[in-house]
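Remarks on the structure that follows.
Computed from heavy atoms alone, side chains included, the values below leave out hydrogens, waters and symmetry copies.
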Amino acid sequence: MLESSWLIPLLPLLAFGTIVFFTNRNPRLSSYISIGAVCASFALSVPVLFEVLQNPVASEFKFTWIDLKGFTIQMGILIDPLTAVMLMVVTIVSMLVHIYSVGYMAGDPRFSRYFSFLSLFTFAMLGLVLSNNFFEIFIFWELVGLTSYLLIGFWFEKKVAADAGKKAFITTRTGDLGFLVGIFLLVSAAGTFNFQHIFHQIEAGHIPAGILTISAILIFAGAVGKSAQFPLHVWLPDAMEGPTPVSALIHAATMVAAGVYLVARAMSVYAASSSAALIVAIIGAFTAFLAASIGLVQNDIKRVLAYSTISQLGYMMLALGLGGLTAGTFHLMTHAYFKALLFLGAGSVIHAMHTNDIWEMGGLFPKMRITAITFIIASLSISGIFPLSGFWSKDEIFAVASGYPHPIFLIVAVLVAFMTSFYMFRLCFVTFFGKPRDQHKFEHAHESPRVMTIPLMILAFLSIFAGWVGIPWLHKGYSSFVFFHHPHHAEPKIWLMLISTVVALSGIGLAYLIYYKGAISADKIKRKFAFPYKVLFNKYYFDELYSAIIIKPIIGLANLLFKFDLGIIDWLVNAFGNFCVFLSEVKEWFDSHIVDGGVNGLGWIFKKSGSYLRKIQTGDLSNYILIIFFGILLIIIFKIGL
């Protein structure tokens, strides 16, 4: 199957082309084609995983695309344990999102277009995962950005959705510029785009340390954009304006996962540059804390989950920056399942309540039991409650952070874990328990159809059990499959597990006391900490700050240039045009009055002369005799006078 793995991304691409050119006016058939393609991709990914499990050695299949006097650009696929895991993550989540979308997007006038975009999005991410070189991965990297723009702004008739799509596209392009420059620097030193060739040269010490550090930081800039790390994190919360299944796909298995995957794939680069790796860890830790603190006070159900995603991505970057390839990618895998479940669960609630505001919900558990139970399972998993998936992957990150000489990374990780469990169960208690806050919406609420709830149940199963492959007591588990250089068998640290559990339960308990029992007044807390609350609610004013120091100055410069263009450039162009018009008018007057006047005047003279001379030739003989007589008389007079 390894040699045929190119079919895995090809099938969604064929589905995209088929829908666009042939079935665009048949929504049901379009959805069947799209779902069938991604299911086939999943079916092809399963044997790839088992083959790699049996022989976890990197396999590469490539061909020369461009040959420029010795410098060749190849296209190909690279299959190794990391690729095999990501293929499963992308195809499983994408498949369930496709199925869920049949119910969620039912009745949408652009139903076929939606599924064509989903297929293209899946193709782009699968192509990115399978790429064997930096040139190819950048092509799919940009295609992922394009498709995310199309899906975030899918309901482009809404200004907020159109603006969100543009914001995501422009913000991520900022990071992609650094990524592109980093690729050029690294490739110019290595003489090849191929991952394995570059990594071999790094290990052999053939690439200068300075070039490695600069290129590693610039490549990470691309990951900062795609994976919404500080300071380019501002696009992801606004991306919630797209359809909720799209949010699930972006947050769980495609766009934001691309940045983490890139850093994991380029781990050899970061292992060779401790400075660049430390920057990755610092940015990750800061992003995790920043986003988690904002998530504490958000009221939009999807925005809470969006900041949760940013925070969890920060966790992954923290682990990767500290050299924990196993921990970072393990959490990427488990996070994909419980975050997809959270977003699809949120979509189920929104589908029933027609609102995103959690303070318009409440008491939904009896009416939406499947949605509520699966959502709570995902919340327990992301909080790191034993023995769910999130517990094992978060414990890996704690273990990596505890191995760093300074405790700051572990402290940040623990604080983020507490905030995560608090805001997730704040969300659960406010949404599913207590009394209904909007009776009209509550009365019309109902459980989602089976096409939406079945994916929720499958993801709930994965949120519980998927992380079990990384139980540290397993002799052959995740840590002996996806690793860097040598198998990383995480040593179980019971004290860390106890800390993780106590912290998670403390966050849940505090949320229970405030938002379920009402033993602690949320309003009093809000009034007592009014200023911090306002800062967090307004997301540390990042949007306002960027507006003040970037957007408004650029708009001001654009207005200045517009005025310069209108007042100077256009005035000069118009003046030159008016002068040319004046010259043409002078030329026209000279031509009509002088040239044409001279020609017409000469013609008039000849015409008049001819009219008078014509009278001489009358044809009357007596007239001719009279003229001859007077002529002879004049001659005689002239002669006598002389």
Output every pair passing salt bridge (Lys or Arg N to Asp or Glu O under 4.0 Å) with a member in residues 113-131, not counting sequence neighbours, ordered by first then second residue. none
Pair Val246-Phe117, side chain to side chain contact (heavy atoms under 4.5 Å, CB included): steps then yes or no: CA-CA 10 Å; Val246 170; Phe117 288 168; over 6 Å; no
Applying side chain to side chain donor-acceptor pair (under 3.5 Å) as the test, list every pair that has at least one member in residues 278-297; sequence neighbours left out. Ser293-Tyr540
Side chain of Lys226, backbone of Ala257: donor and acceptor closer than 3.5 Å? no
Check whether the side chains of Thr453 and Ser448 place a donor and an acceptor atom closer than 3.5 Å, and report yes or no. no
Rounded distance (nearest 0.5 Å) linking atom CH2 of Trp359 with atom CG of Asn299: 7.0 Å
Do you know the tightest heavy-atom contact between Gln298 and Val304? O-CG2, 3.4 Å
When you compare the side chain of Tyr261 with that of Ile137, does any pair of heavy atoms fall below 4.5 Å? yes
Please check if the number of heavy atoms outside Tyr149 that lie under 6.0 Å from its OH is greater than 12. no
Validation: residues 550-567 side-chain donor-acceptor distances under 3.5 Å, sequence neighbours left out:
from, atom 1, to, atom 2, distance (Å)
Asn559, ND2, Ile555, O, 3.3

Taking only residues two or more places apart in sequence or in another chain, which ones pass side chain to side chain contact (heavy atoms under 4.5 Å, CB included) with Ile514? Phe422, Leu510, Ile520, Ala522, Ile525
Exercise: identify the closest heavy-atom pair between Leu456 and Ser348: CD1-CB, 4.4 Å
Whether over 12 other heavy atoms sit under 6.0 Å from Phe184 CZ: no
Give a yes or no on whether the backbone of Ser273 and the side-chain of Thr213 come within a donor-acceptor separation of less than 3.5 Å. no
Assess whether a salt bridge exists between Asp357 and Arg437, defined as any Lys/Arg side-chain N lying under 4.0 Å from an Asp/Glu carboxylate O. no
Trp141 vs Phe179 side-chain heavy atoms within contact, under 4.5 Å: yes
Which residues pass the side chain to side chain donor-acceptor pair (under 3.5 Å) test with Glu136, not counting sequence neighbours? Asn133
Give me the ring orientation class for His351 and Tyr104: parallel if the planes are under 30° apart, tilted from 30 to 60°, perpendicular past 60°. tilted
4.5 Å side-chain heavy-atom contact, Val263 and Met316: no
Applying side chain to side chain donor-acceptor pair (under 3.5 Å), which residue pairs with at least one partner in residues 86-102 are found, sequence neighbours left out? Ser34-His98, Ser94-His98, Ser94-Thr122, Ser101-Tyr114
Less than 4.5 Å apart, any side-chain heavy atom of Met361 and any of Val349? yes
Within 45 degrees of the axis of the six-membered ring of Phe156 and under 6.0 Å from its centre: does Arg110 put its NZ or CZ there? yes
